[in-house]
Structure formats: structure tokens, C-alpha cells
**Student:** 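Let me begin by handing over the structure; questions about it come next.
In this text, all values refer to a predicted model and were calculated from it rather than measured experimentally.
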Amino acid sequence: MTGRNPLLDIALELEKIALQEEYFVKRNLYPNVDFYSGLIYQAMGFPVEMFPVLFAIPRSVGWLTQWEELLQDPEQRIARPRQVFIGSEQREFVPIESR
């Protein structure tokens with residue numbers, strides 16, 4: 001009804017080429033879900049500026065789960081390094097037109 005998105009054709013061709021490329025084949029690399037999710041978000045009518053947020057929302061569940069596992073398991077040996085925020089505690093909002 002709305003036609004085919006030409007970006008989908010490009011994505012399909014890139015995937016096909018990548019799956020035949022020695023670098024990807026030797027490392028068993030395949031396009032992940034994010035490879036196509038931008039096209040899906042676009043088809044759903046989300047503005048491109050929202051894509052980073054839409055990519056991060058589902059990941060936050062995994063990030064929080066990993067953090068919870070780290071806190072609950074004192075024997076946990078594999079964990080990400082501790083991150084300490086050293087930035088400003090509070091900053092003034094600057095409208096995008098003034099940045």
C-alpha cells in the first residue's frame with residue numbers, strides 16, 4: 001500500500017554482501033537486530049532523532065539485570081569496571097537553538 005522502502009533494498013543487499021565477505025564469514029558475524037530496527041522505526045513513523053532512545057530502551061533491561069546479578073553474587077568474577085561519574089552535578093539547560 002505504501003510501497004517498498006528503497007533503504008530496505010540497500011540493507012538486504014548489504015547483508016547479502018557481508019554474509020559472503022571473508023572477514024564476516026571467518027568470524028561468524030551476522031547483522032544484529034539493530035541493523036533493521038531503524039527501518040522498522042522509520043516505517044512506524046518515529047523521527048530519526050528518536051532512534052537512539054528507541055535503541056536504548058530495550059537494552060536498559062539487560063543493563064539493569066547485569067547490575068542486579070553483580071550486586072547479588074559476591075563471587076561474580078566477570079563484571080564491567082566500576083564507573084564513577086566525575087562530571088558536573090548540575091548544569092543549566094541550553095535550548096538547542098543556542099547550542
**Student:** Answer yes if Leu12 and Ile17 sit in the same cluster of Ile, Leu, Val, Met, Phe, Trp and Tyr residues linked by side chain heavy atoms under 4.5 Å apart, and no otherwise.
**Tutor:**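 No, because Leu12 and Ile17 fall into different hydrophobic clusters, even though each may have its own neighbours under 4.5 Å.
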
**Student:** Can you name the residues that form a salt bridge (Lys or Arg N to Asp or Glu O under 4.0 Å) with Arg99, not counting sequence neighbours?
**Tutor:**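 Residues passing salt bridge (Lys or Arg N to Asp or Glu O under 4.0 Å) with Arg99: none at all.
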
**Student:** Does one hydrophobic cluster hold both Leu29 and Val25, with members joined at side-chain heavy-atom distances below 4.5 Å?
**Tutor:**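 No, no single cluster joins them.
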
**Student:** Identify all side-chain donor-acceptor contacts of residues 36-59 below 3.5 Å with residues at least two apart in sequence or on another chain.
**Tutor:**
| from | atom 1 | to | atom 2 | distance (Å) |
| --- | --- | --- | --- | --- |
| Tyr36 | OH | Glu15 | OE1 | 2.3 |
| Ser37 | OG | Asp34 | O | 3.3 |
| Tyr41 | OH | Leu54 | O | 3.2 |
| Gln42 | OE1 | Asn5 | ND2 | 2.7 |
| Arg59 | NH1 | Asp34 | OD2 | 3.3 |
| Arg59 | NH1 | Phe55 | O | 2.9 |
| Arg59 | NH2 | Asp34 | OD2 | 2.2 |

**Student:** Would you indicate whether the side-chain heavy atoms of Asp9 and Arg4 approach each other to under 4.5 Å?
**Tutor:** yes

**Student:** Please confirm whether Arg27 makes a cation-pi placement over Tyr23, using NZ or CZ under 6.0 Å from the six-membered ring centre and within 45° of the ring normal.
**Tutor:** yes

**Student:** Hey, does the side chain of Ser98 reach the backbone of Val94 with a donor-acceptor pair shorter than 3.5 angstrom?
**Tutor:** no

**Student:** Kindly give the cluster partners of Tyr30, where membership spreads through any ILVMFWY side chain lying under 4.5 Å from a current member.
**Tutor:**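 Same cluster as Tyr30: Leu19.
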
